[in-house]
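Bear in mind the structure is a predicted one, so any value in this text is a computation, not a measurement.
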Amino acid sequence: MLQETNVKPIEKVVVRFAGDSGDGMQLAGNIFSNISAEIGDEISTFPDYPAEIRAPQGSLSGVSGYQVSVGKGVHTPGDEADVLVAMNPAALKTNLRYLKRDGIIVCDGDSFTAANLRKAEYKTDDPVKELGIDPRRIMLVPMATLLKGTLADSGLDQKAIMKSKNMLALGVICWLFDRPLESVLKKLHNKFAKKPAVYEANAKVLQAGWDYGHNTHSSMPVYRIDTAQSTPGTYTDVTGNTATAWGLILASEKSGRPLFLGSYPITPATDILHELAKRKDLGVKAVQMEDEIAGICSAIGASYAGHLAVTSTSGPGLALKSEGIGLAVMAELPLVVIDVQRGGPSTGLPTKTEQTDLLQALYGRNGESPVCVVSAVSPTDCFHMAFEAARIAMEHMTPVILLTDAYIANGSSAWRIPEPGDYPEIHPHLLSAERLEQGWLPYDRDENTKARYWALPGMPGAMHRVGGLEKDYKTSVISTNDANHALMVETRREKIARIADDIPEMKPMLDADADTILLGWGGTYGHLLTAATELNAAGKRLAFWQFRYINPLPKNTIETLRRYKRIIVAELNTGMFADYLQMHLPGQEILRINKIEGQPFLVKEIVDGVTKFMED
């Protein structure tokens, strides 16, 4: 640890790691996030991947980024970085715009070669001067030189030595923020447990980076991030996709129903399949199917067989699954469909984030085909909403679409691992022996919830068929009667509507009595909450609410929103949720803040947009 006089306390900081896709920026950023979460910091991360699979090394289009904010009151990865780690001239050039004017730059000085400057389209041989960077704000670390000196006796070849450059940069950052190296070494040991030589090399390089900062730039300010006060418990750093998988596992345990995932790999949802495929020890069945249609059809079959059935995808795959979702609606089978939204349409922007699948989730099927639609608001909330989606599906016998997005799916937050009693038991709407004895037909239903009973194969006396053809309300046999069809359409619609009795009511946050409310849904939560908090601190009275439950809306939504003179909806699309709310609030204008650039909001964009509406 450094002398106390060298350390400057701060509440939170934003660090952006940037380099070629092969430079290990995601790993370095992830380790920094993880050790911060473990010591009690709040964190929020934003991995920013290029769309190209492998752009030319050193080119502007091949730069990959990872931004993380750590400290107190952290809800977003930050609009601008306090520190930029740039591994080459291209990374410096493309990411300088994300750095605060007085921010610090840690850069690989050895990468400023004529070839790299040419690839990054510099006009001179002095990037620092050309970009207008104050030389006092940049640490030009001779990374290649340090690596060769540190690992001269390691026996590793040149290529293997250069692969550890990210750990050298991480060592400098750990010095800059007074982070102990022991936690990093533990992570590296776990990662390279089967490659001791690689572990030893990375450990030496990490220490070399820390020593370089300490010995060469000891006059620069070193920061200690004040740890936030948090609920006692065990914390870890978790991405949204991993949290989603874990939430489904808990739902399986709490319901007594085995978990089945039938999916086809698609960016950015694939990690859910990867995570669940690891969990055979918990009885999880994860099957990679040959296409998206096979994925949902296998899940529907598993649901009929009594499993908690799930399929995961992104926007293009949700379109392919639409007929299967309609079948599950008609058969009234529980099913969780996870849509990790990305930029579209078609293949669109596979590595970027948007909220443009909302109307597809609500209405993208033939016929009157209502489903429950919910959304997660943060990486850690993916755990809770995956659990909720599974609970609603099994207790109300319906497909549930869970909307996340690339930003929260790939991003991470500090997460407190739940205690055994933190989540309730789930009670699937199973056909009981008593109900069977009273006389049962496949489409008999609970008149309170309108949910039909889930008869598991093998239950004596419960042989049955369900399918895509309309059934008679009373006899459960195939029916083409017009009045019966109208009754069944209304029944399926009412079943979804009555879920509102089983979800939390709307409770506006911050200044709930203000005459203006800012609304959002899904993964924009952190940016909107931070903006609303800043606006209130500046004297602009503002209520705030982020919707998790979209269809049905919380049952007091319309009553609550009618109280506000000004309703502002911010979302990463052209106004889909605003249009949806407008349907429920005829005659009341819904103001809109929209962004469709494949990037999350900046807090400043929300603050400026709300301020403009409040001053009009």
Side-chain angles (χ1 to χ4, degrees), residues 13-37 41-55 61-70 74-81 83-87 90-91 94-95 97-99 166 169-170 173 187 191 236-245 265-272 274-275 314 340-343 348-355 376 378-382 404-415 522-527 572 597-602:
V13 72
V14 178
V15 183
R16 187 174 182 90
F17 297 83
D20 274 326
S21 293
D23 280 342
M25 293 295 90
Q26 309 296 327
L27 176 61
N30 183 264
I31 291 177
F32 183 73
S33 304
N34 211 295
I35 63 173
S36 299
D41 287 326
E42 297 173 358
I43 71 168
S44 178
T45 74
F46 174 46
D48 192 6
Y49 305 102
E52 294 82 1
I53 294 175
R54 179 70 78 178
S61 60
V63 175
S64 176
Y66 186 101
Q67 185 161 309
V68 55
S69 179
V70 303
V74 172
H75 301 292
T76 79
D79 284 5
E80 296 177 305
V83 177
L84 170 63
V85 179
M87 304 301 278
T94 58
N95 284 270
R97 61 189 172 123
Y98 299 115
L99 184 68
N166 59 337
L170 182 59
I173 294 301
K187 303 292 180 191
K191 181 174 179 60
T236 188
D237 173 28
V238 68
T239 67
N241 276 341
T242 299
T244 298
I266 184 171
T267 302
T270 305
D271 285 342
I272 299 171
H274 289 168
E275 185 63 29
S314 189
V340 186
Q341 299 166 96
R342 70 189 204 187
L349 302 172
T351 64
K352 305 301 180 181
T353 194
E354 281 183 357
Q355 293 182 296
S378 70
T380 55
D381 191 52
C382 287
T404 69
D405 58 60
Y407 166 62
I408 60 173
N410 292 323
S412 61
S413 296
W415 180 59
T524 59
Y525 170 75
H527 297 86
L572 298 176
E597 299 173 4
Q599 296 288 328
F601 278 119
L602 300 178

Among side-chain atoms of Ser44 and Ser69, is any donor-acceptor pair under 3.5 angstrom?
->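 Looking only at side-chain atoms, Ser69 and Ser44 do not form any donor-acceptor pair under 3.5 Å.
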To check you understand the geometry: which heavy-atom pair defines the closest contact between [X] and [Y], and what is its length?
X      : Y      : value
Gln355 : Gly523 : NE2-N, 3.8 Å
Tyr407 : Thr76  : OH-CA, 4.2 Å
Thr380 : Ala414 : CG2-O, 3.6 Å
Val68  : Ser33  : CG2-OG, 3.3 Å
Ala409 : Val340 : CB-CG1, 3.4 Å
Ser314 : Ala269 : N-CB, 4.5 Å

Can you tell me how far the [atom1] atom of [X] sits from the [atom2] atom of [Y], to the nearest 0.5 Å?
X      : Y      : atom1 : atom2 : value
Asn241 : Thr270 : CG    : OG1   : 8.5 Å
Glu597 : Leu602 : CD    : CG    : 8.5 Å
Leu27  : Lys187 : CG    : NZ    : 11.5 Å
Asn166 : Leu170 : CG    : CG    : 7.5 Å
His274 : Ile272 : NE2   : CD1   : 11.0 Å
Trp415 : Thr239 : CH2   : OG1   : 11.0 Å

Is [X] reaching over with its side chain to a backbone N or O of [Y], donor-acceptor style, under 3.5 angstrom?
X      : Y      : value
Asp23  : Ser64  : no
Gln67  : Gly78  : yes
Asn30  : Gln26  : no
Arg342 : Thr267 : yes
Glu275 : Thr242 : no
Gln341 : Thr404 : yes

Residues in salt bridge (charged side-chain N to carboxylate O under 4.0 Å, His left out) with Arg16, at least two apart?
->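 With sequence neighbours excluded, Arg16 shows a salt bridge (charged side-chain N to carboxylate O under 4.0 Å, His left out) to Asp48, given in chain and number order.
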Salt bridge (charged side-chain N to carboxylate O under 4.0 Å, His left out) involving Lys191 - partner list, sequence neighbours excluded |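 Partners of Lys191 under the salt bridge (charged side-chain N to carboxylate O under 4.0 Å, His left out) test: none.
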Determine, stepwise, if the pair Ser412 / Ile43 fulfils side chain to side chain contact (heavy atoms under 4.5 Å, CB included).
-> CA-CA 7 Å; Ser412 61; Ile43 71 168; 4.2 Å; yes
Using the ring of each side chain (for Trp, its six-membered ring), is His75 parallel, tilted or perpendicular to Tyr525, with breaks at 30° and 60°?
->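 Answer is perpendicular, since the angle exceeds 60°.
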Between Phe32 and Tyr66, is any pair of side-chain heavy atoms under 4.5 Å apart?
->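 A side-chain contact under 4.5 Å is absent here.
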